[in-house]
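A short worksheet on the structure shown next.
We count ligands from 1, going down the list as the structure has it; atoms in each ligand are counted the same way. All residue numbers refer to positions in the sequence shown, counting from 1.
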Amino acid sequence: MMASSVRHAVFYLAAISVVFAAPGKRNASICTGIRDRVPWYNLTREEKTSYIQADLCLMNSPSKGVNPLAVTRWDDLQWPHVVQTATVHGVGAFLPFHRYLLTAHERLIKDECGYTGRMPFWNELHDIEDIAASDLWKDEYFGGDGTGPDGCVETGPFRNLTLIWTADGNVTEHCLSRQFSTADLQMTNQANINECNAIQNYTDAWLCWFGGPHGSVGPHAAGHAGVGGVMSDATLSPGDPVFYLHHAWLDKLWWEWQKLDLPNRYTDMGGPNLPIAGSVLGGQGPEFTNYFGDNGNVTTLNHRLYMAELYPNITVGDVMDLNGDVVCSEYINV
Ligand SMILES: *[C@@H]1O[C@H](CO)[C@@H](O)[C@H](O)[C@H]1NC(C)=O
Ligand SMILES: *[C@@H]1O[C@H](CO)[C@@H](O)[C@H](O)[C@H]1NC(C)=O
Ligand SMILES: *[C@@H]1O[C@H](CO)[C@@H](O)[C@H](O)[C@H]1NC(C)=O
Ligand SMILES: *[C@@H]1O[C@H](CO)[C@@H](O)[C@H](O)[C@H]1NC(C)=O
Ligand SMILES: *[C@@H]1O[C@H](CO)[C@@H](O)[C@H](O)[C@H]1NC(C)=O
Ligand SMILES: *[C@@H]1O[C@H](CO)[C@@H](O)[C@H](O)[C@H]1NC(C)=O
Ligand SMILES: *[C@@H]1O[C@H](CO)[C@@H](O)[C@H](O)[C@H]1NC(C)=O
Ligand SMILES: [Cu+2]
């Protein structure tokens with residue numbers, strides 16, 4: 001037990017000294033036109049297919065990332081989530097980090113793969129009667145449920161996707177797997193969304209969306225467990241391209257809650273800052289307490305969001321306004 005956690009801590013520190021070596025340069029970005037994010041169903045057919053093509057383009061482009069073990073751009077994008085799994089889940093920065101990760105994905109498919117359409121979110125309430133019936137899983141879009149002993153996705157454009165990361169930050173080639181569960185998806189429902197919306201401060205509210213890591217009630221766990229397979233792995237879930245649609249849904253829930261009380265909720269931040277106990281990567285010792293610049297064990301607006309040098313470090317404060325310079329987007333209900 002002891003030896004193993006020491007080994008993991010050593011590995012983590014070795015990994016960060018590698019990945020943090022390249023200095024990042026902050027881009028001055030200005031929100032000149034707020035971009036609409038719409039339900040998947042409401043993208044045009046052409047937007048849907050070009051969105052899928054853009055993710056495939058990242059999967060077929062060579063890595064330019066900080067981790068030399070990465071093979072593709074898709075691996076590069078998954079890496080900040082893998083290496084920080086302990087520090088971006090179960091903490092106040094959970095929602096802000098994932099908000100920035102959505103923007104990182106958006107920038108990559110637009111800047112490197114030519115996507116010009118609108119960004120989609122998954123309106124999960126639309127599919128809670130039967131997850132398998134969703135338009136998402138058509139052969140020309142995300143492909144369907146997993147099949148065979150390993151639950152590999154064998155339909156659609158991602159059927160040959162080779163994922164590499166393992167939960168300890170090492171590499172083992174594996175397929176994109178799924179295991180649909182409508183019962184799990186139903187942990188997202190209007191009643192629990194209303195319950196989260198009624199909470200008056202972020203310190204309590206973030207936990208309502210986050211739910212338990214897996215299997216417990218909450219909109220976050222619902223989408224992960226509902227899709228299953230890779231999506232149900234807390235560390236590796238961004239390997240499944242549908243991850244970005246689920247997290248956009250969750251981000252929308254947070255933003256709609258923020259909009260219930262602006263400007264106050266542009267600055268309402270809190271929650272624990274220490275990594276989850278027992279996580280493979282990361283630890284709970286004093287070396288982690290101020291790791292992201294919070295000067296304590298509570299998440300603040302100064303907390304740094306690190307994207308493994310894909311994009312510059314920013315702070316939680318930079319993503320609090322969805323319409324602000326970094327995200328510059330709005331969720332549209334159509
Ligand atoms: C980015 O943030 C990480 C995590 O806090 C930190 O270790 C790293 O030094 C930062 N990089 C730069 C270029 O500031
Ligand atoms: C958006 O998609 C939903 C679900 O298919 C549909 O009911 C609605 O009419 C669409 N809205 C628009 C504006 O196309
Ligand atoms: C998947 O791999 C098979 C066998 O190599 C190949 O025939 C097929 O065209 C590939 N499909 C995609 C979508 O890459
Ligand atoms: C990663 O995998 C390689 C090759 O299988 C192995 O030698 C190494 O010990 C592994 N590293 C960790 C941290 O598990
Ligand atoms: C948040 O609100 C709850 C009640 O909903 C309250 O018990 C708690 O003390 C509040 N926390 C903060 C940090 O204001
Ligand atoms: C931070 O540390 C203090 C003192 O040890 C403790 O009372 C408090 O519960 C901790 N807060 C969080 C969010 O972990
Ligand atoms: C900065 O902006 C330029 C032009 O939009 C873009 O090409 C570049 O990738 C951006 N760099 C970063 C680090 O965001
Ligand atoms: Cu996550």
Handout entry: Exercise: do Asn201 and Thr203 side chains pair donor with acceptor under 3.5 Å
Key =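 No pair is found: no donor N or O on one side chain lies under 3.5 Å from an acceptor on the other.
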Exercise for the section: Consider ligand 5: state whether an atom of it lies below 4.0 angstrom from any non-hydrogen atom of Asp204. Expected result: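 The answer is yes: ligand 5 sits under 4.0 Å from a heavy atom of Asp204.
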Exercise for the section: Any disulfide (SG to SG under 2.5 Å) involving residues 105-154? Give me the pairs, sequence neighbours left out, ordered by first then second residue. Expected result: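 Applying disulfide (SG to SG under 2.5 Å) to every pair that reaches into residues 105-154, excluding sequence neighbours, yields Cys57-Cys113, Cys152-Cys175.
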Problem - Minimum heavy-atom distance Ser177-Asp150, with the two atoms named - result: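 What the structure gives for the nearest pair is CB-O, 3.6 Å.
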Exercise for the section: Supply the atom-to-atom distance Gln78 CD to Leu58 CG, rounded to the nearest 0.5 angstrom. Expected result: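 Interatomic distance, Gln78 CD to Leu58 CG, rounded to 0.5 Å: 12.0 Å.
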Practice task
Look only at the side chain of Arg178 and the backbone of Gly143, and say whether a donor-acceptor pair between them is shorter than 3.5 Å.
Solution key: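 Between the backbone of Gly143 and the side chain of Arg178 there is a qualifying donor-acceptor contact (under 3.5 Å).
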Handout entry: Check: Ser232 side chain, His224 main-chain N or O, donor-acceptor pair, under 3.5 Å
Key =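 Not at all, since once roles are kept as given, no pair shorter than 3.5 Å links the two residues.
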Practice task
Could you tell me whether Asn201 and ligand 5 have an N or O pair separated by under 3.5 Å?
Solution key: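 Between Asn201 and ligand 5 (N or O atoms, distance only) the closest approach is under 3.5 Å.
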Practice task
Find all atoms of ligand 1 within a distance of less than 4.0 Å from any non-hydrogen atom belonging to Asn313, and give their numbers and elements.
Solution key: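 The atoms of ligand 1 under 4.0 Å from a heavy atom of Asn313 are 1 (C), 2 (O), 3 (C), 8 (C), 10 (C), 11 (N), 12 (C), 14 (O).
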Handout entry: Those atoms of ligand 1 less than 4.0 Å from some heavy atom in Phe292
Key =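 Counting from 1, the qualifying ligand atoms are 4 (C), 5 (O).
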Exercise for the section: Would you mind reporting whether Tyr244 and Phe121 have side-chain heavy atoms less than 4.5 Å apart? Expected result: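 A side-chain contact under 4.5 Å is absent here.
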Exercise for the section: Tell me, with the steps shown, if Trp254 and Trp206 meet ring pair (Phe, Tyr, Trp, His ring centres under 6.0 Å). Expected result: CA-CA 8 Å; Trp254 176 32; Trp206 78 270; over 10 Å; no
Exercise for the section: Give the protein residues with at least one non-hydrogen atom closer than 4.0 Å to an atom of ligand 2, ordered by chain and number. Expected result: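 Residues within 4.0 Å of ligand 2: Tyr41, Asn42, His126, Val334.
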Handout entry: Contact (N/O only, under 3.5 Å) between Arg304 and ligand 1
Key =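 For ligand 1, there is an N or O atom that lies under 3.5 Å from one belonging to Arg304.
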